[in-house]
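Report on the structure given below.
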Amino acid sequence: MIKIKNINLKLDDTITCGQIFRYTKEIDNSYTVILSDRVVNLKMDECDLIIKSNNEENLEFIIRDYLDLDRNYELINKKIVEYDNEFKLIVDECTGFKIIHQPKFECLISYIVSQNNRVSMISKVLDNISRKYGKEVIFEGKIYYLFPTIDEIKDCTIEDLRQLKTGFRDKYIYEIINKINNNEFDLNLIDDMDSENALKYLMSNKGIGEKVASCILLFSYFKTDVYPIDTWVKKYMKDTYNIDSIKDIRQYTNNIYKEYSGLCIQYMFHVKRNKSWHK
DNA sequence: CCCCAGGTCGTCA
DNA sequence: TGACGACATGGG
């Protein structure tokens, strides 16, 4: 067990808001999450974060990265309110909310699965994939399955994927797995791209449109200037500003929130989807 | 039985 | 370019 003291973290909102899909809430109100190589249990004790894992090697560093603890959100939020004072209510509500830094391959597959799908169903599908192809990990007497590496899943067939309830997205997943395996597509190249090129590169794959690509860039690459506009953000913009089209939403957020548009969109999504006072 | 979900694709004008 | 239906699946 390790402890990170005195941090400003809303663990519940950060875990359950819909950015990650594979976690369990425990009876003691802690959360068990599955990272790329280990299982971790997280619990807030006042302002301290208590962390347990089946593998404690390098654990604090990994969690600091995963939960984005070393980014100065206070400063960013202050700038956002300077850009748009009317957004202060939302920003205040989102104090302590973090963008989770997700493993690239899992994030890619997760958001391909997410299209025209429901969070509970996305979780189920990702769990099915992990059970079939991922490594087994035992943590506190329970069995968990890591998300598979490309090597572990590369021999799957479209029929296999369909059986795991991926639906019509089976062919998209199959295609991109094969492209990665044949070195025709490389997630690591995106690290050195600007957002515009990264979007183009991701969207050159079937099954990845603007929304999915934006989610991947925001959640795996921390490109906070991309705009994952989904149904909830559309509802927010429609109800708040009577703005309808994706194009107009993009223009509006770009003008107002500039380099933090992605983060602000995530705040809108979170408040609209998860907070009853804004429904 | 209809509607919808952190959308995208193919088609047709 | 823009509109529109289809797409698997399961829950409300």
Side-chain angles (χ1 to χ4, degrees), chain A residues 13-23 90 94 97-104 106-129 131-132 156-177 179 185 199-224 226-240 243-251 253 261-276 278-279:
Chain A
D13 287 355
T14 299
I15 299 287
T16 66
C17 75
Q19 50 181 335
I20 58 167
F21 304 103
R22 302 185 69 219
Y23 66 87
I90 307 285
C94 294
F97 177 90
K98 310 285 185 184
I99 301 283
I100 294 183
H101 198 178
Q102 304 187 28
K104 293 169 189 169
E106 176 172 354
C107 187
L108 171 79
I109 302 299
S110 300
Y111 282 93
I112 290 177
V113 170
S114 81
Q115 67 180 262
N116 201 21
N117 213 344
R118 213 167 285 220
V119 170
S120 59
M121 194 60 195
I122 302 166
S123 304
K124 194 187 275 180
V125 170
L126 296 173
D127 192 52
N128 289 343
I129 292 174
R131 276 172 194 276
K132 183 162 168 82
C156 70
T157 65
I158 293 192
E159 293 72 31
D160 290 333
L161 293 169
R162 177 58 68 91
Q163 218 167 26
L164 301 174
K165 306 298 178 192
T166 52
F168 63 91
R169 312 158 194 86
D170 56 359
K171 50 190 178 293
Y172 304 145
I173 298 169
Y174 179 80
E175 266 181 46
I176 200 151
I177 285 174
K179 276 168 102 172
F185 183 77
L199 277 174
K200 272 189 207 154
Y201 186 57
L202 280 165
M203 288 167 65
S204 68
N205 298 287
K206 285 240 159 41
I208 301 182
E210 195 171 17
K211 157 70 175 54
V212 168
S214 301
C215 282
I216 296 167
L217 290 180
L218 181 60
F219 296 135
S220 273
Y221 297 88
F222 275 155
K223 299 200 183 289
T224 54
V226 293
Y227 319 73
I229 297 167
D230 76 314
T231 45
W232 293 101
V233 174
K234 282 182 202 159
K235 273 178 201 161
Y236 177 90
M237 294 303 281
K238 172 74 180 160
D239 295 352
T240 313
I243 297 176
D244 267 313
S245 76
I246 290 186
K247 206 180 125 202
D248 292 342
I249 294 173
R250 189 166 303 282
Q251 193 177 18
T253 50
S261 298
L263 187 58
C264 290
I265 289 276
Q266 187 60 27
Y267 286 173
M268 289 174 201
F269 167 80
H270 175 50
V271 167
K272 194 68 182 172
R273 176 178 181 265
N274 303 318
K275 300 290 171 182
S276 54
H278 204 286
K279 279 180 182 157

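In what follows, every chain begins at residue 1, and chains take the letters A, B, ... in the order their sequences are listed.
- Looking at Thr253(A), its side chain does come within 3.5 Å of a backbone N or O of Arg250(A) through a donor-acceptor pair.
- Here, dA6(C) and dC3(B) have their C1' atoms 16 Å apart, quoted to the whole Å.
- Nucleotides dT11(B) and dA8(C) have their P atoms positioned 15 Å apart, rounded to a whole Å.
- Distance noted for atom P between dG2(C) and dG6(B): 26 Å (whole Å).
- Distance check: Ile20(A) CD1 to Ile122(A) CD1 gives 12.5 Å after rounding to the nearest 0.5 Å.
- Atom CG in Asp170(A) sits roughly 17 Å away from atom P in dT8(B) (whole-Å rounding).
- Residue Ile246(A) contributes atom CD1, which lies 10 Å from atom P of dG7(B) at whole-angstrom precision.
- Toward the 5′ end of DNA chain B lies the nearest nucleotide of Phe219(A), the other residue of the pair Phe219(A) and Tyr172(A) mapping further downstream.
- At distances below 3.5 Å, not a single donor-acceptor pair connects side-chain atoms of His101(A) with backbone N or O atoms of Phe219(A).
- Within 4.0 Å of Gly18(A), counting heavy atoms only, lies at least one base atom of the nucleic acid.
- Side-chain N or O atoms of Gln266(A) include none that pairs as donor or acceptor with a backbone N or O of Thr224(A) at under 3.5 Å.
- Taking a heavy-atom distance under 4.0 Å as the criterion, the stretch of DNA chain C touched by chain A extends 5' to 3' from dC7(C) to dG11(C).
- When atom types are taken as modelled, the side chain of Glu175(A) and the backbone of Lys206(A) share no donor-acceptor pair closer than 3.5 angstrom.
- Between the side chains of Lys165(A) and Asn128(A), not a single donor N or O lies within less than 3.5 Å of an accepting N or O.
- Using a distance-only test at 3.5 Å, with no hydrogens or angles considered, no donor-acceptor pair links the side chain of Asp160(A) to the main chain of Cys156(A).
- Atom OH of Tyr236(A) and atom P of dG6(B) are 19 Å apart (whole Å).
- How far CD1 of Ile90(A) is from OG1 of Thr240(A): 7.0 Å, rounded to the nearest 0.5 Å.
- Atom CD1 in Ile176(A) sits about 14 Å away from atom C1' in dT8(B), given to the nearest Å.
- Of the residues in residues 157-168 of chain A, those placing a heavy atom less than 4.0 Å from an atom of DNA chain B are Phe168(A), in numerical order.
- Rounded to a whole Å, the CE atom of Met203(A) is 15 Å from the C1' atom of dG10(B).
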Extract from the structure each pairing of a protein N or O with an N or O of nucleotides 2-5 of chain B at less than 3.5 Å, listing the distance.
residue : atom : partner   : partner atom : Å
dC4(B)  : O2   : Arg118(A) : NH2          : 2.3
dA5(B)  : O3'  : Asn117(A) : O            : 2.9
dA5(B)  : N7   : Asn116(A) : OD1          : 2.8

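- Arg169(A) places a side-chain N or O within 3.5 Å of a backbone atom of Gln115(A) that can act as its donor or acceptor partner.
- With P as the reference atom, dC2(B) and dC7(C) are 16 Å apart, rounded to whole Å.
- Across all strands shown, Gln19(A) has heavy atoms under 4.0 Å from base atoms, whether or not it also approaches the sugar-phosphate.
- Once rounded to the nearest 0.5 Å, the distance linking NZ of Lys234(A) with CD1 of Ile246(A) reads 4.0 Å.
- Distance NZ (Lys171(A)) to P (dC9(B)): 10 Å, rounded to an integer number of Å.
- Rounded to whole Å, atom P of dG7(B) lies 15 Å from atom CD1 of Ile173(A).
- Tested against Arg273(A) for a side-chain contact (heavy atoms from CB on, under 4.5 Å), the candidates Val233(A), Thr231(A), Val119(A) yield a single pass: Val119(A).
- Projected onto DNA chain B by closest heavy-atom contact, Ile229(A) and Lys206(A) fall at different nucleotides, the more 5' of which corresponds to Ile229(A).
- Ring-plane geometry between Phe269(A) and Trp232(A) is classed as perpendicular, the angle between the planes exceeding 60 degrees on a 0 to 90 degree scale with a lower cut at 30.
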